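All remarks here apply to the structure that follows.
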Amino acid sequence: MAVIAEDRAPRARLRANRHAPVLIGTLLVGVPLVVFVLWPLAAILLRSFATPEGLGLDNYLSVMGTPRFRRILWNSLDVTLVSTVIAVGAAYVFAYGVQRSLMPGKALYRFLVLVPLFAPSLVQAQGLVLLFGRNGLINRSFGTSIDIYGYWGIVLAMVLYVLPYAFLILSTALAVADQRLYESARMLGAGPWRIFRTITLPATRYGLAAAIFVCFTLVITDFGNPMVIGANYNVLATEIYNQVIGQANFERGTVIGMVLLVPAAIAAIWEKYLSRRQYALISDQSKPLEIRRHPVRDWAFSAFCGFVCLAILAVVAVVVYASFVHLWPYRMTFSLRHYRFDVQNGIQPLWNSIYISLMAAAVGVVVVTAASYVIEKLKSPATRWLYFLSILPAAVPGMVLGLGYVLAFNNPANPIYMIYGTLLIIALANVYYYHAQGFLIASTSLKQVSGSFDEASASLGGSRMQTLWKVTLPLIAPTLVGVAVFFFMRSMVTLSAVIFLITPQTQVAAVSVLLLEDRGATNQAAAFSVCIMATVLGVLLVVRGALWALGWKDVRLIR
Amino acid sequence: MTSQQGRPGWRAALAAGALALSLGAAAQADSITVYTSYEEDELTAFLDRMRQDLPDLTVNVLRLSTGDLMARILAESGNPQHDVIWGWAVTSMIDPRISEMIEPYAPANIDRVPERFRDPEGRWFAVTGYMGAFCVNNEVLEARGLPMPTSWADLTDPAFAGEVVMPNPASSGTGYLQIASLLQMMGEEEGWEFLRALDANIAQYIKSGSRPCNVASQGEYAVGASFALRAIKNIDEGYPITMVIPAEGTGNELEANALMASSQNKEAAQRFLDWTLSDSAVDEYFKWKEIVTITGGAIPQSFLDAGLPEDIASVMWPMDFAWSAENRDRILAQWQEEFEDE
């Protein structure tokens with residue numbers, strides 16, 4: 001574009017043209033990131049250096065100087081790497097099946113694999129215990145003595161938890177391809193494995209790296225699954241919980257929070273290296289990929305995806321089932337008694353959650369689209385920093401981010417205090433807590449749109465804004481609907497960041513589940529979880545109906 | 001409190017229409033915010049009674065577990081959002097970082113609370129409490145041919161290997177009170193020796209105080225060391241469990257009330273605190289709590305049926321809360337060094 005423009009415009013105007021949008025775009029994306037990500041984290045960072053004698057390294061020394069810390073660090077890396085490899089591997093095969101085969105049951109599988117995204121995290125761990133616990137369904141039915149608690153329990157729970165995230169990114173990466181490349185390869189005599197290795201795999205390299213990063217950080221920062229099913233296997237995230245909630249020692253807790261930021265820093269450096277090698281997959285001359293029928297391949301993928309979905313569904317289904325029996329596992333007669341919610345505020349928290357999630361969806365989609373557009377298309381020396389801030393939240397445990405929000409914003413002198421204690425700040429916390437995942441879905445999609453569209457549009461006299469509105473956004477619009485749905489689903493169920501931000505008036509549904517669980521009403525908690533899941537499903541149906549009425553008939557809501 | 005009072009209307013507009021609800025009540029003068037760790041169901045009952053007694057007072061209550069609430073209060077300490085702390089562990093209340101936020105207040109009827117259940121300087125007073133207990137699953141006991149345990153010492157019987165779960169003291173207040181009570185009862189040297197013997201039988205140190213009872217109730221393990229009310233409620237729910245108060249005496253925790261120095265509406269906050277010592281409140285406490293420090297009520301029949309002795313004082317170990325708080329870091333460090341497996 002620059003070359004073309006230079007021939008036609010006076011130099012000064014060109015410079016203004018080139019720099020003004022970059023500057024404005026960078027500020028529009030950068031300032032909120034600094035306020036809602038960097039600021040809270042800076043407050044946390046400061047806290048990690050606070051000692052009774054002023055600022056110092058004492059907390060770091062006392063946390064990291066012990067053999068116990070090294071053991072826990074190793075535990076964390078071990079369980080995280082194994083879960084990530086299994087989850088990303090399975091998600092790649094799953095996404096490949098969905099995008100590149102004509103397997104039977106595709107639409108159903110695509111939906112089922114995302115179920116864990118709108119199930120409160122409690123459901124996952126509870127379901128696994130109900131199935132595989134010492135007194136679980138499997139052991140009681142078959143007389144086996146499986147003991148799920150510990151290392152493999154965590155791995156299994158984590159794989160189910162992060163699989164949909166990896167799937168979303170990889171499915172976007174595999175969604176588009178240029179038929180011409182595949183045709184040429186076939187004509188040159190390449191076999192399917194060689195085509196996969198030399199065309200498909202390199203083309204999805206960025207998506208793969210993004211999926212690995214997302215899964216790695218999700219697993220290493222999650223404390224819910226290790227708490228419920230990990231028995232005595234301690235990891236960094238549970239150690240943060242020990243310090244912050246168990247012993248009210250923020251200083252040592254935040255030190256571990258800082259350690260968890262390392263993967264994000266590595267990923268930020270790695271991404272530059274990866275992006276250099278990523279080329280656009282669709283250009284102005286592309287032809288969409290035609291998938292041919294291939295019965296053996298299609299049925300093989302169908303069998304694999306069916307197995308994965310069965311595992312996901314079994315875990316959720318057993319919880320739904322338990323919510324409808326009188327007293328699991330002793331009186332298995334049908335009962336609705338767990339659905340008489342006698343929680344404070346009744347179902348008002350469910351409404352609050354819906355408001356928050358709608359706000360988060362609306363704000364989130366704008367925020368991450370802007371971030372990925374500015375980072376991809378408006379390069380400047382700040383790009384690298386914007387990228388780092390965009391993915392940084394993934395490495396922050398929700399509890400630490402929530403704590404950062406309180407430390408940073410609970411101050412009447414702070415302008416953000418205007419919205420403190422409202423539903424809006426909870427929505428914003430959710431947007432920025434899930435910023436990295438939303439951003440990576442949007443930018444995986446955007447990376448595949450060739451720069452030649454910009455050039456073509458510019459050469460026809462279109463401004464950058466016109467190109468954005470008329471070419472780029474329509475191309476990635478389906479992905480953006482998916483991003484909005486993603487923010488909605490996560491905001492409905494997320495807990496750890498919001499626990500610091502709720503007030504008596506802004507209770508949310510996930511907290512109601514926690515309260516019920518706290519007082520031992522496990523099945524009532526499950527029943528409330530079922531209501532949340534039903535609500536998400538209901539909202540998805542309404543959105544689908546609205547889109548249909550608007551004439552968007554083939555948009556996939558959950559991408 | 002500051003967030004509730006005189007919050008300008010334009011802020012509501014900014015925060016989207018959905019918030020109108022939360023701000024409607026805030027305009028009233030007599031409106032306070034209370035943080036509590038009372039469990040959801042008892043809280044609902046207390047509040048219903050309170051609203052009958054003080055109809056003109058709007059009380060907004062946030063309920064979080066003891067640890068979550070501690071983290072929350074400390075995080076907000078720069079600008080506290082609440083006026084009153086209600087029903088919250090004394091061991092947490094006497095943390096110096098909390099004490100400095102509290103203003104001494106002697107509510108009407110404070111004499112009803114025996115002196116040992118209140119702060120000498122008047123910062124807090126405890127009206128209720130809870131104590132440690134085992135949840136023993138009758139069916140698992142039968143299936144494995146195990147005897148009914150009656151004491152901590154019984155749990156060190158090799159027959160119970162891998163069948164006992166207890167809370168992790170580093171993440172759970174209930175877990176810490178159990179460890180601390182054993183160390184106080186037996187003296188440190190003997191106490192640690194006992195914990196070592198117990199450790200041989202522990203399947204999991206669970207990171208929450210109520211979960212050990214819940215997993216024992218569901219038949220995952222034979223014995224879950226937890227607290228009495230959890231056991232009583234799970235029996236009530238229909239689970240085949242027996243509540244056992246350990247014969248050696250049991251650790252306990254008091255739940256205290258206090259006034260925040262930062263409160264912008266102290267008069268209303270004090271009215272609320274006065275109410276927590278009223279006949280009507282005490283009446284309600286007796287329906288829900290196993291430990292009530294005020295006389296004037298009886299333990300409900302269902303508690304007695306579940307196995308709670310009528311003379312609670314006979315089974316309660318007289319906890320030294322100050323000792324528990326002061327030695328916490330040291331004890332947890334040693335505990336983690338010795339008993340954290342992987």
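Since this is a predicted model, take the numbers as computed values, not measurements. Below, read A as the first sequence line, B as the second, and so on, with proteins coming before strands; counting in each chain starts at 1.
- Ion pairing between E337(B) and R68(A) fails under the 4.0 Å rule for side-chain N and carboxylate O.
- Looking at Y420(A) and Q81(B), their side chains come closer than 4.5 Å, going by heavy atoms from C-beta outward.
- Interface summary for chain B: among Q243(A), R331(A), Q247(A), M227(A), the most heavy-atom pairs under 4.5 angstrom belong to Q247(A).
- Side chain to side chain, Y149(A) and E220(B) meet the donor-acceptor criterion of an N or O pair below 3.5 Å.
- With a threshold of 4.5 angstrom between heavy atoms, L69(B) does not approach chain A through any atom at all.
- There is no contact between T66(B) and chain A, counting heavy-atom distances below 4.5 Å.
- Between chain A and the residues M70(B), Q204(B), R328(B), the most heavy-atom pairs under 4.5 angstrom are made by Q204(B).
- Looking at R72(B), the atoms closer than 4.5 Å to chain A (heavy atoms on both sides) sit in the backbone and in the side chain alike.
- When each of G173(B), P169(B), A75(B) is checked for heavy-atom pairs under 4.5 Å with chain A, A75(B) comes out on top.
- For the 3.5 Å distance criterion, the side chains of N410(A) and N79(B) qualify, holding a donor opposite an acceptor.
- Of the atoms belonging to D68(B), heavy atoms from both backbone and side chain fall under 4.5 Å from chain A.
- For the pair N60(B)/T503(A), no side-chain contact is recorded, criterion being any heavy-atom separation below 4.5 Å from C-beta on.
- Proximity to chain B (any heavy atom under 4.5 Å) is shown, for F500(A), by both the backbone and the side chain.
- With respect to chain B, the highest number of heavy-atom pairs below 4.5 Å among N249(A), L358(A), L501(A) belongs to L501(A).
- Of the inter-residue distances, the one linking N242(A) atom CG with E340(B) atom CD reads 7.0 Å to the nearest 0.5 angstrom.
- Looking at Y35(B), there are no atoms closer than 4.5 Å to chain A (heavy atoms on both sides), in backbone or side chain.
- K207(B) and N232(A) are not linked by any side-chain donor-acceptor pair at a separation below 3.5 angstrom, with hydrogens and angles left out of the test.
- Residue contact with chain A, scored on non-hydrogen atoms closer than 4.5 Å, is absent for D95(B).
- For I502(A), the parts sitting under 4.5 Å from any heavy atom of chain B are the backbone and the side chain alike.
- Between Q505(A) and L62(B) there is no side-chain heavy-atom pair separated by less than 4.5 Å.
- Between N234(A) and Q336(B) there is no side-chain heavy-atom pair separated by less than 4.5 Å.
- Between S171(B) and I245(A), every side-chain heavy-atom pair lies at or beyond the 4.5 Å cut-off.
- Of all the heavy atoms in V244(A) and A71(B), the pair that sits closest is O-CB, 3.8 Å.
- Neither the backbone nor the side chain of Y176(B) comes within contact range of chain A; no heavy atom of the residue lies under 4.5 Å from a heavy atom of that chain.
- Side-chain contact between R134(A) and E163(B): present, with at least one pair of heavy atoms (C-beta onward) separated by less than 4.5 Å.
- Using a 4.5 Å cut-off between heavy atoms, N137(B) touches chain A through its side chain atoms alone.
- Proximity to chain B is limited to the side chain of N523(A), based on heavy atoms less than 4.5 angstrom apart.
- Interface remark: W351(A) contributes no atoms to any contact with chain B (heavy atom separation under 4.5 Å).
- To the nearest 0.5 angstrom, Y330(A) atom OH is 12.5 Å from E237(B) atom CD.
- Considering every non-hydrogen atom in both G219(B) and N135(A), the closest pair reads O-CB, 3.1 Å.
- Taken from CG in L64(B) to CD1 in I499(A), the straight-line distance is 5.0 Å, to the nearest 0.5 Å.
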